[in-house]
Protein chains: 2
Amino acid sequence: MSIGCALELQKSAPARDIALCSSCRLSGTCFPQGLDTDDVQKLEPLVRRFRPIHRGEHVFRTGDKFQNIYAVRSGTVKVYRLSADFEEQIIGFYLPGEVLGFNSIEQGEYVCSAVALETSSFCAFPFSLLEELCRCIPALQHQVFRLMSKEIVFSNEMMMSHCGKDARQKVAIFLISLSNRYQHQGYSAREFRLTMSRREVGIYLGLALETVSRTLSRMQEDNLITVDRKSVIIHDLPALQQVCTGLGPDVIPLIPVN
Amino acid sequence: MSIGCALELQKSAPARDIALCSSCRLSGTCFPQGLDTDDVQKLEPLVRRFRPIHRGEHVFRTGDKFQNIYAVRSGTVKVYRLSADFEEQIIGFYLPGEVLGFNSIEQGEYVCSAVALETSSFCAFPFSLLEELCRCIPALQHQVFRLMSKEIVFSNEMMMSHCGKDARQKVAIFLISLSNRYQHQGYSAREFRLTMSRREVGIYLGLALETVSRTLSRMQEDNLITVDRKSVIIHDLPALQQVCTGLGPDVIPLIPVN
DNA sequence: CCCGGGTGTTGATCCAGATCAAATGATTCC
DNA sequence: GGAATCATTTGATCTGGATCAACACCCGGG
């Protein structure tokens, strides 16, 4: 269990010197996406920004009263919970620009815990205020629906990538997913850090940590990637994408190139 | 592939003699949940109701323009798509009172297909109208958020029940899920029909159909259930629940009863 | 600089469940 | 009603990945 000593985010002092939404380079995937300048102005006073938290500190914990939706500003957040038999289950990893907390609306309290895997910072959007504002700004309402829809799609994808896929496919899917998501936020698609441990990747993918390690080594032998500790470099993205589908490199030519 | 000849739902004639939301016994889990009588009145004119469709007919298909969210009125709907390697992937089974289509908001077209597994009927809620109405009725907006939140939670649960669970646990989880959902709609929790094939259960759970069959047989031998073809009777619900967690029947006493 | 614990790698063995195979039981369609 | 097709069950075999085990590596602290 990776719960460190918790200086809860809620208790830390707001940091008012942090960039506004209008100047945030992540606003393209967060709530302001699709809003015009005026609407972003109306959203602004609602946002609460905090100083960064460190590895092991929690954003919220299972059972806390649900109040905020959080957008990751920097770092990585692991969202997890304990199963009935006290095993850690990982719901997801959230990267900069991604939004967490939507799964707790129904229950009224957080149904999972969120912990920083590295020094990370956030913006908090009080959900009840967000709801009110949604009724005034159609574009914002639509954006919230879109973000939640995306979350459903992502979870569905994840679920299906656990079905009928072997270890190599699962790991490839995981790497491609990270690559896409980093790229989408303006980071490198080819080179990034695996901020979570092998054990955590294993739990997330339904594999033993040894299998994760072996699979990464094997992919390195095959010149698809270079892995060194937490750093990953993807050398052959197309080949890695083919691994995901289970189609060999020879299947593409079946569709005539001309 | 189970796509039958398709008389698309959209093309079938509205059936205006079907019960209104206000008198629908499923309204407790659908959009009207939490709305007062006045608000349900406002929702009413927006709903489009159709004659039932038959097994194999589609509600919508991947790529169709996203227009409606559908509530299942009767029957079972399988939501699925084809993977890159043309294998069927099953996103979920939807029972009476359950709502489908939320995963297609973001894309603007349906990202999956929905097919009836038995004679089934629906109500359609045009999403753009629903969005508008949400801005007038706070309780409706909140309910839409709740329904989507539930969908995220459900998908998360499903994802996690694929991780680190063995075949017996997966099948138990699946049966309990159906049991709970039927009960929630006022049907029997103990006795119901498995409207999907063993193959479909297998795809959904990430198991070979033979494993599904064997596991059900094994559970019958253990007097947990009786399975006859599509009919299931659960004899020992608590024991089945214990199977889900992987905890033996002896673990509960570890927590002092007094 | 060395020590210690956490994290990652690699090797060896074993088993749950996939796959292959065949028989039987349903259901549909003339 | 009967043939044809499909769904399900059950058996036999094989294998990918879990598990057990040992070792290497890295990093922080004294």
Side-chain angles (χ1 to χ4, degrees), chain A residues 1-4 54-56 78 85 87-88 117-119 161-174 193-222 225-232 243 246, chain B residues 1-5 54-57 76 78 85 87-88 90 117-119 161-174 193-222 225-232 243 246:
Chain A
M1 210 169 352
S2 67
I3 306 175
H54 298 111
R55 175 178 167 77
K78 173 178 77 171
D85 43 339
E87 295 291 330
E88 181 176 340
L117 291 182
E118 57 186 331
T119 300
S161 74
H162 283 163
C163 285
K165 306 279 183 188
D166 62 25
R168 193 174 168 85
Q169 288 172 310
K170 287 183 184 181
V171 172
I173 289 168
F174 182 65
R193 258 166 44 81
L194 238 34
T195 54
M196 63 297 291
S197 70
R198 300 286 187 270
R199 187 190 66 90
E200 288 166 328
V201 176
I203 292 172
Y204 186 54
L205 297 179
L207 297 171
L209 68 91
E210 295 94 327
T211 305
V212 175
S213 179
R214 266 186 260 270
T215 304
L216 289 171
S217 301
R218 178 80 202 291
M219 285 176 169
Q220 176 156 293
E221 284 169 27
D222 299 344
I225 61 174
T226 297
V227 208
D228 176 36
R229 190 80 176 159
K230 295 213 169 290
S231 115
V232 176
V243 172
Chain B
M1 211 171 350
S2 67
I3 307 176
C5 68
H54 298 110
R55 175 180 167 76
E57 288 184 300
T76 313
K78 174 178 76 171
D85 43 340
E87 296 290 330
E88 181 176 339
I90 294 177
L117 291 182
E118 57 184 332
T119 301
S161 74
H162 282 162
C163 286
K165 305 279 183 188
D166 64 23
R168 193 175 169 85
Q169 288 173 310
K170 286 183 185 180
V171 172
I173 289 168
F174 182 65
R193 258 165 46 80
L194 238 34
T195 54
M196 63 298 290
S197 70
R198 301 285 188 271
R199 187 189 66 89
E200 288 166 329
V201 176
I203 293 172
Y204 187 54
L205 297 180
L207 298 172
L209 67 92
E210 295 94 326
T211 305
V212 175
S213 179
R214 267 186 260 271
T215 305
L216 288 171
S217 301
R218 178 80 203 290
M219 285 177 170
Q220 176 156 289
E221 284 169 28
D222 298 344
I225 61 174
T226 297
V227 208
D228 177 35
R229 189 79 178 161
K230 295 211 168 293
S231 117
V232 176
V243 172

With a 4.0 Å cutoff (strictly under), does any side-chain N or O of Ser217(B) reach OP1 or OP2 of dT10(D)? yes
How long is the gap from CD on Glu118(A) to NE2 on His54(A), to the nearest 0.5 Å? 12.0 Å
What is the separation between atom NZ on Lys170(A) and atom C1' on dG17(D), rounded to the nearest whole Å? 10 Å
Pick base, sugar-phosphate or nothing for Gly164(B), based on heavy-atom distances below 4.0 Å to the nucleic acid. nothing
Using atom CD of Glu221(A) as one end and atom C1' of dT10(C) as the other, report the distance to the nearest whole Å. 11 Å
Working for salt bridge (Lys or Arg N to Asp or Glu O under 4.0 Å), residues Glu88(B) and Lys78(B): CA-CA 11 Å; Glu88(B) 181 176 339; Lys78(B) 174 178 76 171; 2.6 Å; yes
Quick one: CG on Asp228(B) to CD on Gln220(B), what's the gap to the nearest 0.5 Å? 8.0 Å
Between Ser213(B) and dT9(D), is there a contact of a side-chain N or O with OP1 or OP2 at under 4.0 Å? yes
Given dG8(C), is OP1 or OP2 found less than 4.0 Å from the side-chain N or O atoms of Lys230(A)? yes
Rounded to the nearest Å, what distance is computed from the CG atom of residue Leu209(A) to the P atom of nucleotide dT10(C)? 13 Å
Arg193(A) CZ to Arg229(A) CZ distance, which is reported to the nearest 0.5 Å: 10.5 Å
Of the candidates dA18(D), dG17(D), dG8(C), the side chain of Asp166(A) sits closest to dG17(D)
What distance do Ile173(A) atom CD1 and His162(A) atom NE2 have between them, rounded to the nearest 0.5 Å? 8.5 Å
Hey, does the side chain of Ser197(A) come within less than 4.0 Å of dT7(C)'s phosphate (OP1/OP2), counting only N and O? no
Given atom CD of Glu200(A) and atom C1' of dT7(C), what is their separation to the nearest angstrom? 11 Å
How would you label the contact of Gly202(A) with the nucleic acid (heavy atoms, under 4.0 Å): base, sugar-phosphate, or nothing? nothing
Within this structure, what is the CZ-to-P distance between Arg198(B) and dC6(D), rounded to whole angstrom? 19 Å
Looking only at the side chain of Ala167(A) (C-beta and beyond, no hydrogens), which of the listed nucleotides dT8(D), dG17(D), dT10(C) gets closest? dG17(D)
Atom-to-atom span, CZ of Arg199(B) to P of dT9(D) - whole angstrom: 15 Å
Check the surroundings of atom CZ in Arg168(B): do more than 12 heavy atoms from other residues, nucleotides or ligands lie under 6.0 Å from it? yes
Report the nucleotide, chosen from dT19(C), dT7(C), dT10(C), that has the shortest atom-to-atom distance to any side-chain atom of Ala208(B). dT19(C)
Measure CD1/Ile203(B) against C1'/dA7(D) and give the value in whole Å, please. 13 Å
Which letter, B, S or -, goes with each nucleotide of nucleotides 20-30 of chain C from 5' to 3', with contact meaning a protein heavy atom under 4.0 Å? B-----SS---
Taking CG from Leu207(A) and C1' from dA16(C), how many angstroms apart are they, rounded to a whole number? 15 Å
When rounded to the nearest 0.5 angstrom, what is the spacing between OG1 in Thr215(B) and CG in Leu207(B)? 6.5 Å
